[in-house]
Amino acid sequence: MNVTYDSAAGTFTMANGDWTNTYPISDLPKWLAFYRNQQELFPRYAASYQGSVDGLEKLAAELRSDMM
């Protein structure tokens, strides 16, 4: 999963192959919680959600470090 941030627009985009979607940066915690929850609810498929979790966690960490 590729996650990019557009600071001018205040959005982040998740892209994987042909699938892509853009969300307000304020929704980042919600989507990270969603994908983590999917891993817990469907442990058999947890690996398929790991790329999304990793990408969103990386963006969250980058945003935190930019605020310091």
Side-chain angles (χ1 to χ4, degrees):
M1 180 68 64
N2 186 33
V3 179
T4 56
Y5 175 53
D6 183 341
S7 61
T11 60
F12 68 97
T13 299
M14 299 177 70
N16 189 12
D18 291 335
W19 180 86
T20 184
N21 213 343
T22 301
Y23 308 95
I25 197 65
S26 60
D27 285 354
L28 177 61
K30 176 181 83 170
W31 283 108
L32 183 52
F34 170 80
Y35 285 109
R36 286 177 175 158
N37 191 46
Q38 293 299 101
Q39 288 182 307
E40 291 177 20
L41 291 173
F42 307 103
R44 182 175 179 183
Y45 302 102
S48 67
Y49 297 107
Q50 192 61 50
S52 297
V53 171
D54 291 344
L56 294 171
E57 285 179 340
K58 181 179 176 189
L59 176 57
E62 289 171 1
L63 293 173
R64 280 192 302 273
S65 70
D66 287 349
M67 295 176 77
M68 294 181 162

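As the structure is a computational prediction, the values presented were derived from the model and not from experiment. Worth knowing before you read on, the calculation uses all heavy atoms, side chains too, and leaves out hydrogens, waters and symmetry mates.
Residue Glu62 holds its CD atom at 12.0 Å from CD of Glu57, rounded to the nearest 0.5 Å. Distance CG/Asp54 to OH/Tyr49: 15.0 Å, rounded to 0.5 Å. In this structure, the separation between CZ on Arg36 and CG on Leu56 is 9.0 Å, given to the nearest 0.5 Å. Distance check, rounded to the nearest 0.5 Å: CE of Met1 to OG of Ser48 gives 10.0 Å.
Annotation: side chain of Asp6 is not in contact with side chain of Phe12 (no heavy-atom distance under 4.5 Å).
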Report all side-chain donor-acceptor pairs from residues 22-32 shorter than 3.5 Å, counting only partners two or more places apart or in another chain.
residue: Thr22; atom: OG1; partner: Thr13; partner atom: OG1; Å: 2.8
residue: Tyr23; atom: OH; partner: Asn21; partner atom: ND2; Å: 3.4

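Nearest heavy-atom pair across Gln39 and Val53 is OE1-CG2, 3.5 Å. Closest of all the heavy-atom pairs between Trp19 and Met14 is CZ3-O, 3.4 Å.
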